[in-house]
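All remarks here apply to the structure that follows.
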Amino acid sequence: MINIPADIKHEIENLVKDLNYHCYRYYVIDSPVISDEEYDKGYRQLKELEEKYNYVLPDSPTQRVGAPPLDKLDKVKHTEPMLSLDNAFSHDEVREFDGRVKRSLKSDEDVEYTVEPKYDGLAMELTYKKGILYKASTRGDGYVGEDVTVNIKTIKAVPLKIEDVDIPEEIDIRGEVYMDVREFEALNAEREKGGEPAFANPRNAAAGSIRQLDSSITAKRKLHLACYGIGAVRDIKFASQWEFIEWLKKARFPVPVLIKLVKGTDGVIKVIKEIEEKRKDFSFEADGAVIKVNDFALQKALGVKTREPRWATAYKFTAHQGITRINDIIASVGRTGTITPVAFLEPVRIGGVTVSRSTLHNWDEIERKDIRIGDTVIVERAGDVIPHVVAVIMEKRTGEEIQFAPPTECPVCGSAVEKDEGGVAFRCIGLNCTAQVQQRIGHYASRGAMDIEGLGEKNVELLYEKGLVKHFVDIYNLKKHELLELPRYAEKSSQNLIDAIEKSKHTTLARFLYSLGIVHVGEYAAKLLARDFKDLEDLYHVKPERIIEIKQMGEKIAGSVSHFFNDPGNLHTLKTLKSLGLNISNPDYETVSSEKLPFEGMTFVVTGSLPKPRKEVEELIESMGGHAAGSVSKSTNYLVLGEDPGSKLQKAKALGIKTLSYNELMNMVKGEGRLF
Ligand code: IVH
C-alpha cells in the first residue's frame with residue numbers, strides 16, 4: 001500500500017468536495033458557477049490523483065461511472081414497506097379525503113397538508129449510512145425491490161454524500177426516478193432509427209433505464225430524481241414532512257417542483273389547480289398531485305390501510321390523450337345546417353371513457369393537419385369537451401390513407417351548400433333538409449330543453465320517417481294508438497311517451513327559449529333573456545337594440561333573436577304551441593326583480609361549537625348569498641363564534657375582523673340585523 005502524503009490526501013478531498021458542489025449547482029439547482037471546461041479539468045485532475053495514489057473516496061464523482069455489468073439485479077428488502085397511494089378523481093373526493101382525516105383525528109381544525117406534483121416515474125429508496133450513499137433499490141412489490149445502486153449513482157443529481165446538515169446514522173430517502181419528456185422523445189427517435197422498439201411512455205423509459213444490468217447504458221439515459229419521502233431513519237427526528245423537505249433541500253437533494261405547504265382543503269385545491277395549469281410547462285410528465293398530512297405525529301395517528309397510508313392521497317388529472325386509428329370520416333349536418341366532418345375512430349379509452357368519434361371541426365382543419373381516413377392519430381379529450389384530433393402520426397402512414405374532400409352539396413338532402421360568414425364552415429341551405437329538421441326536433445325534446453323522456457335521436461328519426469312528427473309542434477298531436485302501430489312502441493312505452501309529453505308542457509321560459517333552437521341562443525343566453533323578459537309575448541317583434549341592452553348580449557345574438565321573433569311563421573308556431581297547452585313560468589325573471597341576496601359579497605368563517613352543526617350554518621350562509629370559508633384571512637368579513645372558538649378567534653382579532661354570535665347571525669338572516 002502506497003503511503004499517501006497528507007497534502008495529496010487533502011487535495012483529493014478538496015477536489016471531491018468542490019466537484020460535488022458544482023455538480024449540485026449544475027444538476028440540482030440549475031445554476032452553475034463554473035464552466036463545463038473547468039469542471040472537466042478538475043475531474044481529470046482528480047482521476048489522475050486517484051489512480052496514482054489508489055485513494056478513492058466513496059463520494060468521489062468518478063464513482064458515478066464504470067461499474068462492470070451485472071448478471072442480475074440483487075433483491076433488497078425495504079426496512080419500512082414502500083406504500084402506494086389512494087386516488088382522488090375530483091375536488092369533491094379531495095374534500096372527502098380531508099373529511100376522513102378530520103374524522104379520524106376527531107378534530108374540526110383545518111389540517112396542514114403538503115401538495116406537490118405526482119411524478120410519473122419509478123419509486124426508489126436511497127439508503128445512506130453515515131451520510132454516504134450505500135444502497136439504492138426500486139420499489140418492487142413494496143416489500144422487496146431490486147438493487148440498482150450502481151445505476152442510481154450515474155444520475156448526477158443524486159448526492160453520493162449528505163452534506164451541509166446534521167447527518168443521521170442511517171436514513172432511507174424515497175423519491176421518483178423519471179425521464180424528461182424531451183429526453184424520452186429523443187431516445188425513442190434514436191431507438192427507432194436503430195431498429196429498436198420505442199418506449200410507450202417516459203415512465204417505461206425511466207424504468208427500463210434504471211433496471212439496466214449495464215450501468216453505462218443508464219448513464220447515457222439522462223435520468224432525474226425528485227425526493228419526496230422518508231422511510232426508516234435513525235438518530236434524527238423530523239417533526240413534519242415540510243421540515244423533512246427543508247432538510248432534503250439543505251442536504252442538496254432534488255425535491256419536487258412547486259411543492260407547497262397549505263392549510264385546509266381550499267388551500268389544497270388551489271395548489272392542485274396551479275399544478276394542473278403549470279403542468280404543460282413541466283419538463284417531466286405529471287399525472288396528478290400528491291397530498292400529504294404535514295405533521296408526522298398526525299400521520300402516525302392516522303396510520304395505514306392495507307397498502308396505502310390514510311394520511312396521503314393522489315389527486316389524478318384526467319388523462320387527456322389517446323392514440324387510435326380513423327376508420328372513417330363522414331360529413332354530418334347539424335341543426336342549423338352546418339356541415340361538420342366527423343371521424344369514426346377505433347374505440348379507445350381516454351381518461352376512463354371510451355371514445356369512438358371525434359369532431360374534425362371543418363375542412364380547413366383537415367387540410368392544416370392533413371388528416372386522412374386510415375390515419376393513426378392522437379386524440380384528446382378534456383373534461384366534457386367533445387374529443388378532437390390533435391395530430392396525425394405521420395410515421396404510421398402506409399400510403400393507403402384516403403383524403404376526405406369538402407362537400408359540393410348537402411350529403412343528406414342534396415341542397416346546395418355555401419360557405420358561412422367566417423369562410424371555414426359549409427352550410428346546407430335547404431330549409432327542409434331532413435337532417436336539420438330531425439335535429440331541431442331532437443334538440444327541442446332534449447334534456448336541457450323541453451326534457452321529453454323517450455324522444456331520443458332514434459325515436460325522432462322513426463317518428464319523422466313515419467310522417468308523425470315533421471316539426472316539433474307535431475309532438476303535441478301524437479296519439480297513443482298511432483305509436484302502438486310502430487315497431488319500437490309497445491303499450492307501456494307508448495303511454496310513457498304520451499305522459500312525458502304531457503309533463504313537459506309545464507316548463508320555464510328559459511328552457512323554452514333554448515328549445516326553440518334560435519341560432520346562437522344556448523342555455524346561458526336563454527337564461528339571460530328570461531331574466532329580462534317576463535313573458536314569451538314580450539319578445540314578439542323585439543328589436544335588436546332592446547336585446548343589446550342586456551348585459552353580455554352581443555350583436556350576433558341580438559340580430560338572431562330579433563330575426564326569430566319578427567318572423568311571421570315563427571310567431572305562428574309559438575301561438576300554436578301555446579294553444580296546445582304549454583304552460584310557461586318564469587322563475588328567473590322573479591329572481592332578478594327581487595333584491596340582491598342579503599349576504600352577497602360577504603365571507604363568513606364559522607368556528608367553535610354552535611347550537612346547529614357547522615355544516616348547516618354554513619349552508620344557511622351560502623343560501624343567503626354569502627361565502628362560508630374554512631379559515632380566517634384578510635378577506636373574511638365576519639367570524640361566527642360558537643363556544644370554545646380556539647385559534648381562529650385570535651387570528652380574527654389580530655386582523656380586526658368583526659365577530660358575530662350565533663344569535664346575531666340568526667337576526668341577520670331574519671333581516672332584523674344590519675349588515676355593516
Ligand atoms: S408519496 C405513501 N409523492 O406514486 C406515500 N409518491 O401511487 C407514497 N409518486 O409509488 C409515495 N410522485 O412512485 C409520493 N410526489 C410524490 C410522488 C409519488 C410520484 C409515485 C410513487 C408511488 C406512487 C403511488
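Both counts, for ligands and for their atoms, begin at 1 and track the order of listing.
The single protein non-hydrogen atom nearest to atom 12 (N) of ligand 1 is Tyr119 N, 3.0 Å, given as residue, atom name and distance. Looking only at protein heavy atoms, the nearest one to atom 24 (C) of ligand 1 is Leu85 N, 3.6 Å. In this structure, the protein non-hydrogen atom closest to atom 3 (N) of ligand 1 is Lys292 NZ, 3.2 Å. At the shortest separation from atom 14 (C) of ligand 1 among protein heavy atoms lies Tyr228 CE1, 3.3 Å. Nearest non-hydrogen protein atom to atom 23 (C) of ligand 1 is Lys118 NZ, 4.0 Å.
Under the 6.0 Å cut-off for aromatic ring centres, Phe238 and Phe296 do not qualify, their centroids lying 6.0 Å or more apart.
Using a 4.0 Å cut-off between charged nitrogen and carboxylate oxygen, Asp147 and Lys75 do not count as a salt-bridge pair. Between Lys278 and Glu274 a salt bridge is recorded (basic side-chain N to carboxylate O distance below 4.0 Å). Taking a cutoff of 4.0 Å between a charged side-chain nitrogen and a carboxylate oxygen, Asp172 and Lys129 do not qualify as a salt bridge.
Of the listed residues (Glu183, Arg221, Lys222), just one forms a side chain to side chain donor-acceptor pair (under 3.5 Å) with Ser209, and that residue is Arg221.
Of all the heavy atoms of Met82, none lies under 4.0 Å from any atom of ligand 1, so neither backbone nor side chain is involved. Contacts of Arg139 with ligand 1, taken as heavy-atom pairs under 4.0 Å, involve the side chain alone. When heavy-atom distances to ligand 1 are checked against a 4.0 Å cut-off, Glu176 comes that close only through its side chain, counted from C-beta outward.
Assignment of Pro309 to the shell around ligand 1 is supported, since a heavy atom sits closer than 4.0 Å. Residue Pro117 places a heavy atom less than 4.0 Å from ligand 1.
The ring pair (Phe, Tyr, Trp, His ring centres under 6.0 Å) test applied to Tyr128 returns Phe253, not counting sequence neighbours. Residues satisfying the side chain to side chain donor-acceptor pair (under 3.5 Å) test with Thr607, not counting sequence neighbours, are none.
Within ligand 1, counting atoms from 1 as listed, the ones closer than 4.0 Å to a heavy atom of Ala123 are 10 (O), 13 (O), 21 (C).
Side-chain N/O atoms of Gln650 and Ser647 include no donor and acceptor closer than 3.5 Å.
Annotation: Ser84 places no N or O atom under 3.5 Å from an N or O atom of ligand 1; distance criterion only. Considering both main-chain and side-chain atoms, Glu116 comes within under 3.5 Å of ligand 1 through a nitrogen or oxygen pair.
Shown here for Val293 and Val101, the closest heavy-atom pair between the two residues is CG2-CG1, 4.1 Å.
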